[in-house]
Structures are given as C-alpha cells and as structure tokens.
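Working notes for the structure below.
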Amino acid sequence: MGIRVCLAGATGWAGSELARGIAATSDLALVSAVSRTHAGRDLGDVLGDRRLSCPVYASAPEALSRPCHVLVEFTAPDSANANILAALEHGAHVVVGTSGLTDAEYAEIDGVARARGLGVLACGNFALTAVLMQKFAEMAARLIPQWEILDYARDDKPDAPSGTAREVAARLARIRPPEPTVPVAQTVGERAARGAIVSGSQIHSVRLPGFVLSTEIIFGLPEQKLTIRHEAGSSARPYVDGALLAIRRASTLVGVHRGLDTVLDI
Ligand SMILES: NC(=O)c1ccc[n+]([C@@H]2O[C@H](COP(=O)([O-])OP(=O)(O)OC[C@H]3O[C@@H](n4cnc5c(N)ncnc54)[C@H](OP(=O)(O)O)[C@@H]3O)[C@@H](O)[C@H]2O)c1
C-alpha cells in the first residue's frame with residue numbers, strides 16, 4: 001500500500017487539495033482524515049471524489065486508531081500542537097503545514113520526536129517559489145545586517161505572523177541577529193508601531209481583504225535597499241507537490257526540521 005497517511009484538516013482549503021494530490025499518486029494512500037464537521041462520513045463522499053475514500057474522524061487521536069506512517073497537520077494553530085504530539089505518541093512521523101506554532105512549541109515537539117526516533121518536517125510554505133525566497137533572503141542576510149519582514153494576508157486569517165514569516169525570521173536568526181540603528185526597546189512613542197520581534201526580526205503583519213498571502217523581506221543599506229517578495233496565488237495547488245515530497249521524506253528524519261529545503265538539493 002506504500003506510505004499510509006492520516007490527513008488532519010482534509011476538508012479544508014489546503015487539505016482537500018492535498019487529499020486529491022495524494023489520491024493521484026501510486027505510492028501514498030490516505031487511510032484516515034480529521035474534520036469535526038464531517039466526522040463519521042467518508043472523505044470521498046464529502047469531497048465528491050471516490051478516489052479519496054477513507055473514514056473521517058472528529059479528532060487526531062481517533063483517526064490515529066487506524067495505523068499510519070505519516071500524519072499531515074493542516075488544521076488550525078489552536079489544534080495543531082495537540083495533533084502533532086498525538087501522532088508522535090502513536091509512532092507516526094509528522095508533516096506540519098499549519099502555521100502559527102511557536103518556537104517554544106517546536107522545541108517541545110523536537111524533544112518528543114527525538115525521544116521516539118521520529119521525524120517532524122514543518123514547512124511554513126510548501127511552494128517552490130517560497131522556498132527560493134527563503135534561500136535568497138539567507139544569502140542577503142550574510143551580507144546585509146539590517147532587515148525587516150512584512151507579512152500580508154487576507155482579513156480572516158486568524159494567526160499572525162504567518163508561518164512563512166515566522167520561518168523566514170527563524171532562518172535569518174541562524175545567519176546573524178539583525179542590527180537596528182535604534183534598538184526597538186529605545187523607540188520613542190509607540191513601541192508596537194515597530195512590529196513584533198520574532199526570532200530577533202521585526203515582523204509587521206497586514207490583514208486586509210484583497211490579499212492572499214505575500215511575504216516581503218526588505219534589506220537596507222545606506223543609499224540602497226533590496227526587497228525580496230513572494231506572492232501566493234489564490235489556489236492551494238502550489239502547495240501540493242511540496243507537501244507530497246515532505247510526506248515521502250519525513251520518515252528519513254529524526255526530530256523537528258523546518259523548511260522544505262531541508263529535504264531539497266538546493
Ligand atoms: N505550509 C503551507 O504551505 C500552507 C499552505 C496553505 C495553508 N497553510 C496553513 O494550513 C492551515 C490550514 O489552512 P486552510 O486554509 O486549509 O484552513 P481551512 O480551510 O479552515 O481548513 C481547516 C481544516 O482543518 C479542520 N479543523 C480545523 N480545526 C480543527 C480542530 N480543532 N480539530 C479538527 N479539525 C479541525 C477543518 O475541518 P472542521 O472545521 O470540520 O474541523 C478543515 O478541514 C492554516 O494554518 C494555514 O495557514 C499552510
């Protein structure tokens with residue numbers, strides 16, 4: 001049967017597209033799905049595609065009663081952490097697409113995963129163009145000590161900053177800490193106007209109708225600046241290929257690994 005997958009969030013915008021992507025492969029098989037609204041139904045009936053047939057459960061622990069190799073977490077920030085830990089408890093590797101988990105949560109997950117010899121591949125953005133944006137930003141941070149991150153998303157996105165912005169900040173922190181001319185703590189006026197400090201970087205999150213998801217890193221030097229910007233489209237299709245690759249590679253890892261490039265040759 002190949003790699004058996006439990007898909008948490010299988011009825012959502014991203015999860016349903018990934019379910020169709022999994023069904024189109026010959027080496028991956030959906031064995032269970034998680035959605036509170038559609039619990040007790042068959043995923044194929046819910047999504048109108050018989051190739052996606054598998055039972056839907058209300059929670060990850062229930063879905064994990066059907067043995068799987070990999071749980072994919074594509075629900076919401078407030079349920080993701082518990083789902084990931086439940087998967088590790090059941091001996092499954094995990095692919096995390098959900099945004100909003102903190103560095104502290106990932107540190108705890110890393111401890112559990114390493115103790116059990118399991119892999120967790122967490123990708124704030126599975127799209128190839130977003131992965132390249134992260135790589136280009138890392139190259140720039142090696143040479144330019146000052147940057148800030150802007151994160152634009154639709155008005156109903158509940159979490160901030162986006163997973164992509166958090167991941168960029170975490171990556172740039174590994175290159176060097178940014179060196180603002182005026183330390184943010186010494187801001188005169190409204191300190192919050194300088195944005196949130198995440199992994200040492202200033203992040204400014206805009207939530208407005210009309211946006212899908214864009215991430216921008218501005219690097220500044222005297223008399224010059226460089227803007228690296230990623231723009232997502234409105235379909236979830238660009239995330240599918242990266243997520244499929246992550247599912248195939250998760251079992252080769254131990255502990256938490258952040259970013260799709262950890263399993264790409266770039
Ligand atoms: N890494 C990437 O490349 C990438 C790409 C796209 C999206 N994302 C992230 O993925 C997450 C999901 O995004 P989306 O747009 O697909 O959301 P969405 O359309 O709201 O779908 C959420 C899915 O999770 C289920 N769900 C939500 N809360 C749950 C809970 N407490 N228990 C069980 N199931 C729950 C929902 O079903 P029920 O409501 O029926 O429970 C639904 O199936 C977000 O964090 C988003 O930022 C990441």
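Both counts, for ligands and for their atoms, begin at 1 and track the order of listing. Index from 1, following the sequence. Keep in mind the model is a prediction, meaning the values are calculated, not measured.
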Note to self: Return the closest protein heavy atom for atom 25 (C) of ligand 1 as residue, atom name and distance.
What the structure shows: Gly9 CA, 3.9 Å
Item checked: Nitrogen or oxygen of Asp159 less than 3.5 angstrom from that of ligand 1 -> no
Notebook entry, point to check: Judged by modelled atom types alone, do Glu62 and Ser59 share a side-chain donor-acceptor pair under 3.5 Å?
Noted result: yes
Margin query: Which of the numbered atoms in ligand 1 are under 4.0 angstrom from any heavy atom belonging to Gly97?
Written below: 1 (N), 2 (C), 4 (C), 8 (N), 9 (C), 10 (O), 48 (C)
Next item on the list: Go through ligand 1 atom by atom and flag the ones less than 4.0 Å from a non-hydrogen atom of Lys157.
Entry: 47 (O)
Notebook entry, point to check: Do Glu179 and Gln146 have side-chain N/O donor and acceptor atoms under 3.5 Å apart?
Noted result: no
Note to self: So if I count the atoms of ligand 1 from 1 in the order they appear, which ones are less than 4.0 Å from some heavy atom of Tyr239?
What the structure shows: 3 (O), 5 (C), 6 (C)
Notebook entry, point to check: Counting heavy atoms only, which of Phe74, Trp13, Phe126, Tyr57 comes nearest to atom 8 (N) of ligand 1?
Noted result: Phe74
Margin query: Would Thr37 count as being in polar contact with ligand 1, using the rule that some N or O on each side must be under 3.5 angstrom apart?
Written below: yes
Note to self: If we check side-chain contact (heavy atoms from CB on, under 4.5 Å) with Pro77, which of these qualifies: Thr102, Leu101, Asp159?
What the structure shows: Asp159
Next item on the list: Indicate, as side chain, backbone, both or neither, the part of Ala60 found under 4.0 angstrom from ligand 1 when only non-hydrogen atoms are considered.
Entry: neither
Check: Which atoms of ligand 1 have any heavy atom of Val34 under 4.0 Å away?
Finding: 33 (C), 34 (N)
Next item on the list: Taking only heavy atoms of Thr11 into account, list the atoms of ligand 1 that are under 4.0 Å away from them.
Entry: 37 (O), 42 (C), 43 (O)
Checklist line | Trp147 and Phe219 aromatic ring geometry - parallel, tilted or perpendicular at 30°/60° bounds | finding: tilted
Checklist line | N/O separation below 3.5 Å, Ala127 to ligand 1 | finding: no
Check: Counting only non-hydrogen atoms of the protein, does one fall under 4.0 Å from atom 20 (O) of ligand 1?
Finding: no
Next item on the list: Give me the one residue out of Arg171, Arg258, Arg166 that meets salt bridge (Lys or Arg N to Asp or Glu O under 4.0 Å) with Asp103.
Entry: Arg258
Check: In terms of residue, atom name and distance, what is the protein heavy atom nearest to atom 12 (C) of ligand 1?
Finding: Thr75 O, 3.2 Å
Item checked: Short side-chain donor-acceptor distance under 3.5 Å, Asp151 and Thr215 -> no
Margin query: What protein heavy atom lies closest to atom 39 (O) of ligand 1? Include the residue and the distance to one decimal.
Written below: Arg36 NH2, 3.0 Å
Checklist line | Residue, atom name and distance, where the atom is the protein heavy atom closest to atom 1 (N) of ligand 1 | finding: Cys123 O, 2.8 Å
Margin query: Assess whether a salt bridge exists between Glu148 and Arg194, defined as any Lys/Arg side-chain N lying under 4.0 Å from an Asp/Glu carboxylate O.
Written below: yes
Notebook entry, point to check: Taking Arg4 for the side chain and Val31 for the main chain, is one N or O donor matched with an acceptor at less than 3.5 Å?
Noted result: no
Next item on the list: Could you list which atoms of ligand 1 come closer than 4.0 Å to a heavy atom of Ser79?
Entry: 28 (N), 29 (C), 30 (C), 31 (N)
Check: Taking atom 2 (C) of ligand 1 as the point of reference, which of Ala122, Gly124, Ala58, Ala14 owns the nearest heavy atom?
Finding: Gly124
Note to self: Just to confirm my output: which protein heavy-atom neighbour is closest to atom 47 (O) of ligand 1, and how far is it?
What the structure shows: Ser99 OG, 2.8 Å
Notebook entry, point to check: Non-hydrogen atoms of Gly100 versus ligand 1: any pair closer than 4.0 Å?
Noted result: no
Can you give each donor-acceptor pair under 3.5 Å made by side-chain atoms of residues 220-229, sequence neighbours left out, with the distance rounded to 0.1 Å?
residue, atom, partner, partner atom, Å
Arg229, NE, Glu231, OE2, 2.5
Arg229, NH1, Glu216, OE1, 2.5
Arg229, NH2, Glu231, OE2, 2.9

Check: Is it true that a side-chain atom of Thr98 and a backbone atom of Glu73 form a donor plus acceptor pair closer than 3.5 Å?
Finding: yes
Next item on the list: Write out all pairs satisfying side-chain hydrogen bond (donor to acceptor under 3.5 Å, both in side chains) with one or both partners inside residues 87-96, taking only residues at least two apart or from two chains.
Entry: Glu89-Arg116
Item checked: Same apolar cluster (I L V M F W Y, side chains within < 4.5 Å links), Val70/Leu43 -> yes
